[in-house]
**Student:** 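The structure follows.
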Protein chains: 2
Amino acid sequence: MKAKNKHDHRPTAASLTHFRSLLSNHMAKKGLRSTDQRKLIVETFFKSANHVSIEELLADVRAEDPKVGYATVYRTLKLLTECGVAFERRFGDGLTRYELADEESHHDHLICVECQSIIEFEEPRIERIQEEVADQHGFRLLSHKHEMYGVCASCQAKLNRASGTR
Amino acid sequence: MKAKNKHDHRPTAASLTHFRSLLSNHMAKKGLRSTDQRKLIVETFFKSANHVSIEELLADVRAEDPKVGYATVYRTLKLLTECGVAFERRFGDGLTRYELADEESHHDHLICVECQSIIEFEEPRIERIQEEVADQHGFRLLSHKHEMYGVCASCQAKLNRASGTR
DNA sequence: TTATATGCAAATTGTTTGCAAGTAT
DNA sequence: ATACTTGCAAACAATTTGCATATAA
């Protein structure tokens, strides 16, 4: 049986089916059309690593069809965001990154301020407290963003070594 | 006795003293100079509402000295961020906002996606779990950002009313 | 005196938009 | 046929940078 550990981001076939239908629903409702570029961008996004930037995604798309433009990627990602298939994330660098809105894996991020590496974690206890807080304030909670910034183990070691050299 | 409730952001005299010394330390270490503009910008920032944008801050600064330029405000806020006096925050709109790095009030944000209003909350239980998570991954935790997006009570009411009219 | 700071304007970066030509329905 | 889409380039908005001038040390 195929193992799927919690750091594996490849979406299941079932969730892709779900996302595809979310998208085509939304498109039908709005009278939007299914074009080769859109299909290519969406499928490329589904295959992408987590937290793709527009640039990275465009590069992958152009590997398949070199004449796709920036604007189309922006427009398509905005579309995916609107219909709940993708989430926009803005970390420290000035780039917008996108991830699959996989409801199952409500993970959050631990970001190293030295090497910029991103570790994901899940904490059901925090999720529960969040709901509580939202309730207390009368909010209907839609989504959240929880980022912790720090120095990862290997950068701590590196920094210690560097200061020891002095 | 003066009450200071948890939604009052005016910093105490003591914490301002602390921030001023953080800043002058940093400046001494880097050989930076204390100019009228820097002093004015820093003091204006200390008096500002929480989550000021560069624009708002500049407007207040120019009330005092109309010929201060954008670039100086950007440069000074970057300086404050580097020496740990201010935090940069990026919410949904494309603006960077700044807040005093007040360690005591480790508040987080609940943001209404309809009216953009921001409610702050504190949750010691979440803080504790965060430390735990960071430890598990060998991270030395420096700061965090925890934002919850939803619909506030009054916007929910408004939306219900609107859909009732149909 | 001399290295840092300032204000301005120009440059950069990420993202959005207008439009003529192309294409799905 | 008739909208919707695309790619391009131009437009934008936020932020950064280069440079001549001003100023703190």
Side-chain angles (χ1 to χ4, degrees), chain A residues 20 23-45 51-83 86-98 116, chain B residues 23-45 51-83 86-98:
Chain A
R20 275 191 257 263
L23 175 60
S24 59
N25 257 19
H26 179 83
M27 287 178 63
K29 197 172 345 182
K30 294 230 177 186
L32 305 180
R33 292 168 187 183
S34 175
T35 65
D36 289 348
Q37 293 91 325
R38 270 186 193 162
K39 281 183 263 180
L40 174 58
I41 294 167
V42 169
E43 292 308 315
T44 307
F45 175 63
H51 310 138
V52 250
S53 64
I54 294 286
E55 239 2 279
E56 292 160 354
L57 190 55
L58 180 62
D60 290 353
V61 165
R62 284 192 170 162
E64 198 73 18
D65 175 353
K67 42 189 190 328
V68 174
Y70 268 92
T72 307
V73 180
Y74 273 106
R75 293 190 268 232
T76 305
L77 271 281
K78 170 160 291 180
L79 182 61
L80 290 179
T81 304
E82 277 167 7
C83 68
F87 277 136
E88 285 185 344
R89 299 266 172 202
R90 229 153 296 194
F91 300 110
D93 54 357
L95 291 186
T96 305
R97 296 174 171 281
Y98 295 85
Q116 305 292 329
Chain B
L23 175 60
S24 58
N25 258 20
H26 179 84
M27 289 178 63
K29 197 173 343 182
K30 295 232 176 184
L32 305 180
R33 292 167 186 183
S34 174
T35 66
D36 289 348
Q37 293 90 326
R38 270 186 192 164
K39 280 183 265 180
L40 174 58
I41 293 168
V42 169
E43 292 307 314
T44 306
F45 175 64
H51 310 137
V52 250
S53 64
I54 294 287
E55 223 40 75
E56 292 160 353
L57 190 55
L58 180 62
D60 291 353
V61 165
R62 284 191 171 164
E64 197 74 19
D65 176 355
K67 43 190 189 330
V68 175
Y70 268 91
T72 307
V73 179
Y74 274 105
R75 292 189 268 231
T76 305
L77 270 283
K78 170 161 291 181
L79 182 61
L80 290 179
T81 304
E82 276 168 8
C83 67
F87 277 136
E88 286 185 344
R89 299 266 174 202
R90 228 154 296 190
F91 300 111
D93 53 359
L95 290 186
T96 304
R97 297 175 170 281
Y98 294 84

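Order of the sequence lines fixes the chain letters, A, B, ..., with proteins taken first and strands second; residue numbering starts at 1 for each chain.
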**Student:** Measure from the side-chain N and O atoms of A/R38 to the backbone N and O of A/R33, and report whether any donor-acceptor pair falls under 3.5 Å.
**Tutor:**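 Such a contact is found between A/R38 side chain and A/R33 backbone.
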**Student:** Give me the atom names and distance for the closest heavy-atom approach of A/V52 to A/L57.
**Tutor:**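 Between these two residues, the closest heavy atoms are CG1-N, 4.3 Å.
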**Student:** For A/G31 and A/D65, find the nucleotide of DNA chain D closest to each by heavy atoms; which residue's nucleotide sits nearer the 5' end?
**Tutor:**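 This one resolves to A/G31.
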**Student:** With the criterion being N/O to N/O and under 3.5 Å, what pairs connect the protein with nucleotides 10-15 of chain C, and how long is each?
**Tutor:**
from	atom 1	to	atom 2	distance (Å)
C/dT15	OP1	A/T96	N	3.2
C/dT15	OP1	A/T96	OG1	2.5
C/dT15	OP2	A/Y74	OH	2.7
C/dT15	O5'	A/Y74	OH	3.2

**Student:** Atom CD of residue position A/E82 - does it have more than 12 heavy atoms of other residues, nucleotides or ligands inside 6.0 Å?
**Tutor:** yes
**Student:** Which heavy atom of A/L79 sits nearest a heavy atom of A/H26, and at what distance?
**Tutor:**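 Shortest heavy-atom contact: CD1-CD2, 3.7 Å.
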**Student:** Which pair of heavy atoms, one from A/S53 and one from A/R97, lies closest together, and at what distance?
**Tutor:** N-NH1, 3.9 Å
**Student:** OP1 or OP2 of C/dT6 less than 4.0 angstrom from a side-chain nitrogen or oxygen of B/T35, does that happen here?
**Tutor:** yes
**Student:** Kindly give the heavy-atom pair with the smallest separation between B/V68 and B/L58, and that separation in Å.
**Tutor:**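 Closest pair (atom of B/V68, atom of B/L58, distance): O-CD1, 3.8 Å.
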**Student:** With nearest nucleotides of DNA chain D determined for A/I41 and B/S34 from heavy-atom distances, which residue corresponds to the more 5′ nucleotide?
**Tutor:** A/I41
**Student:** Over all heavy atoms of both residues, which pair between B/T81 and B/Y98 is shortest? Give the atoms and the distance, please.
**Tutor:**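 Residues B/T81 and B/Y98, closest heavy atoms: OG1-CE2, 3.8 Å.
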**Student:** Counting C-beta onward and ignoring hydrogens, is there a side-chain heavy-atom pair between A/T96 and A/I54 closer than 4.5 Å?
**Tutor:** no
**Student:** Once you round it to whole Å, what is the distance between C1' of C/dT16 and CG of A/L77?
**Tutor:**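 So the two atoms are 14 Å apart, to the nearest Å.
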**Student:** Once hydrogens and angles are ignored, does a donor-acceptor distance under 3.5 Å link the base of C/dA5 to the side chain of B/R38?
**Tutor:** no
**Student:** B/K30 or B/P66: which one's nearest nucleotide on DNA chain C is closer to the 5' end?
**Tutor:**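 Going by which nucleotide is closer to the 5' end, it is B/K30.
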**Student:** Can you tell me the distance, in whole Å, between the NZ atom of A/K67 and the P atom of C/dA21?
**Tutor:**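 It works out to 18 Å between those atoms.
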**Student:** Between atom CD in A/Q37 and atom P in C/dG22, what is the gap in whole Å?
**Tutor:**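 A/Q37 atom CD is separated from C/dG22 atom P by 13 Å.
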**Student:** Is the number of heavy atoms from other residues, nucleotides or ligands within 6.0 Å of CD (A/E55) greater than 12?
**Tutor:** no
**Student:** Could you give the NZ-to-C1' distance, from B/K29 to C/dT4, as a whole number of Å?
**Tutor:**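 Rounded to the whole Å, the gap is 19 Å.
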**Student:** Reading DNA chain D in the 5' to 3' direction, which nucleotide is the first one with an atom under 4.0 Å from a heavy atom of chain B, and which is the last?
**Tutor:** D/dA14 to D/dA25
